[in-house]
Every structure is written in structure tokens, then in C-alpha cells.
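In what follows, residues are counted from 1 in the order of the sequence shown.
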Amino acid sequence: MTSKWLRVVAILALALGAFSVVTGLADDDNEVEFKGVIQKLPNTPGFIGDWVVGGQTVHVNNTTSIDQEEGLVRMGAMVKVEGTLRTDGSIDAKEIEVLEGAEEIEVEFTGTIEKLPTTGLIGDWMVSGKIVHVSSTTKIVAEAGPVIMGAMVVVTGTQRTDGSIDAKHIVVKPNIVEFQGVIENLPTTGLIGDWRIGGKIVHVSSLTRIEGTPVVGQRAEVHGSMRVDGSIDASKIEIEGEGEQEDPVFRGTIQSLPPGGTLIGDWMVSGRVVHVTADTRLQSKGGTFVVGATVKVRGRQMSDGSVLAVKIQLKR
């Protein structure tokens, strides 16, 4: 594993709501160094316990060296953390240094738009729980889709001491999906129009490639991009044959993960709630499950349309 790849892995591990910046990596695969704002401190003597720095959980014990020469440990202080990365993305801190002043920190993260200004795009957005300040100098690229509630975006900018972001670039990402399901409904005339497959509305146009002859009751695999309302613009539909609904298999983009750095809990994958338990097999192939990553999900569909995951694979 090259040092460049290690840097990418560490940044991805810290990117889930972290808004902290990896500034170096040691020879040890798991060693990381990053800067961020203290957002939470334990109520224990000597600061022993779990901190939250730039959205990242940092475990501090009696062997952690804490340098307060340039300032005191307090909420809102900027610190540099050196430590070891756990498999769940949290950090066992070896050294924490309080930094002098508010150093400008470059950040890049992927998230879902949760709130927009009431008029226009200039103003404060909410992206996956983070405040993003958008000004007239912010470059917004919306070629893959419109800037609307629920759209997934990549934000690049600088972090303020309060954890909010001054955005330099915002790019709307296409929400690519792939899933299997039973054809439940077809247009009354021809194939162009709205289909219903596995409980989802699938928009079929003259550009959609259809392999096989579709008939209600047959299984199909759909490739396309998801709209904000959860319907699919299909680029390809493969007819696979007859049969009842089996355990669903679909490919999508992670839109949210459980809080607290754990992977057990409810995920949102391309508009579908995915329940992840201790029995779910997670295959990352050396990567990290983060917001914006593409995954393939296999599981059991529940009565409310959510999926109880049996297996989730990280796709590159």
C-alpha cells in the first residue's frame, strides 16, 4: 500500500462528518495526523474519555500527551491530533496539541442538501448536518442535476473555527443506482413511459436500452440515476425472467450513516433505508464506508420498503 493510497484511506475515514484535515501519515498503516475544532469534551479529570474533534471521535487515555503551551483545551479550540485509526474510523490519540490562532483548513466532503436559502442560492446551506456558507464567489457546478433539496453534492472550501464551511466549489453529483425487482406495471401503449419495478417508478425514454421483452411479473435489473423524489431515470433495463420477488439486490450511493462513527444502524442508500445489524456482512476491500461511496446491497425487503441487509459490498 503506497503512502498516497494510505492518505486517501485516512481522509475517507475522517470525511464522514469530520471536517478535519489529515496533514501527514507515518509508516504505520493506521497512524494519522489531523487538525480540527474541539466540539465535545468528557466531563472527567485530565480530559480522559472520548472527545469530538471536527466531528471525529477521539479516544484519550492516561498515556495521551496533551500540549497546552499555545492555548488551553476548551470547546472551540483548534487542535492537532496524532494517533492510531481504529476500524470504525475513530482515533486512539497519542498526542493532542492546542494550536495558536485559527489556522485556515481546507476541507472537501460529500453530503446531501438538507436546507437552502429561501431566496436564491447565496446564503447558508445545510449539507448533511453542516452549515455551508455560499457567496457570490462560490463556483456551483450543476451539470449532473439541479441544486435542490435532497441532491448529493461535493463541497470544497475552508473550515471556520465553529466547524461551518466557507464554500469555494460545490458540485452536484449524479445519484447512480442499480437494482433488481419484479415488473409490476407497464405503460398502456408501447414501452416509453413510466414503469413500476420493485415498488419504484422507473422512467423509460427513447434513450433507455431494453434487453429482452418485458412482461408484468418478470424480474428486471434497472440501471439509471435517481431523482430527488426517489424515481429512476433508466439508462438500461435487463429482463431476467419470471419469478416472485427475491431478496433485493441493488447498487447505490451512501447518503447517510448512523451517528457516532458506528456502522450498525440505519443507512440511507440512494433513497432506501437499509438496516445494518451485527449479522450484516460488510465487505470494504480495503476501502471505507463513507457518505458518497457506492455500495451493492443484498438483503430482505421489509413491508415498509426498507431493506434488512444481509451483505453490503463497497464498489469502486
Handout entry: Trace of the side-chain contact (heavy atoms from CB on, under 4.5 Å) decision for V58 with V52
Key = CA-CA 6 Å; V58 177; V52 177; over 6 Å; no
Of all heavy-atom pairs between [X] and [Y], which one has the smallest distance, and what is that distance?
| X | Y | answer |
| --- | --- | --- |
| V307 | G299 | CG1-CA, 3.9 Å |
| F250 | R272 | CD2-NH1, 3.6 Å |
| E108 | T156 | OE1-OG1, 3.4 Å |
| G252 | S270 | CA-OG, 3.2 Å |

Handout entry: Test side-chain contact (heavy atoms from CB on, under 4.5 Å) applied to I254 and V295, step by step
Key = CA-CA 7 Å; I254 298 175; V295 292; 3.7 Å; yes
Problem - Side-chain donor/acceptor of E178 to backbone N/O of H223, under 3.5 Å - result: no
Exercise for the section: May I ask you to check whether over 12 heavy atoms, not counting those of K173, lie within 6.0 Å of atom NZ? Expected result: yes
Problem - Over 12 foreign heavy atoms within 6.0 Å of NZ, K236 - result: yes
Problem - Check: R298 and R281 side chains under 4.5 Å, non-hydrogen atoms - result: no
Exercise for the section: With sequence neighbours excluded, give me every salt bridge (Lys or Arg N to Asp or Glu O under 4.0 Å) pair touching residues 190-200. Expected result: E184-R196
Completion exercise
So the salt bridge (Lys or Arg N to Asp or Glu O under 4.0 Å) pairs with at least one residue in residues 203-214 (sequence neighbours excluded) are R209-E211
With sequence neighbours excluded, residues passing side chain to side chain contact (heavy atoms under 4.5 Å, CB included) with [X]:
| X | answer |
| --- | --- |
| E97 | D67, K80, L99 |
| T277 | D279, T280, L308 |
| T138 | V134, S135, I140, A167, I170 |
| T208 | V204, S205, I210, A234, I237 |

Report the residues that fulfil salt bridge (Lys or Arg N to Asp or Glu O under 4.0 Å) with [X], sequence neighbours left out, ordered by chain and then residue number.
| X | answer |
| --- | --- |
| K40 | none |
| E221 | none |
| E95 | none |

Side-chain donor-acceptor pairs of residues 119-127 under 3.5 Å, sequence neighbours excluded:
from	atom 1	to	atom 2	distance (Å)
D124	OD1	H133	ND1	2.7
W125	NE1	L121	O	2.7

Problem - ring-ring contact (aromatic ring centres under 6.0 Å, His included) involving W51 - partner list, sequence neighbours excluded - result: F47
Problem - Counterpart residues, ring-ring contact (aromatic ring centres under 6.0 Å, His included), relative to W195 (two or more places apart) - result: none
Problem - Lys/Arg N to Asp/Glu carboxylate O, K168 vs E106, below 4.0 Å - result: yes
Problem - Intermediate values then yes/no, side-chain contact (heavy atoms from CB on, under 4.5 Å), I232 and V177 - result: CA-CA 8 Å; I232 311 296; V177 295; 3.6 Å; yes
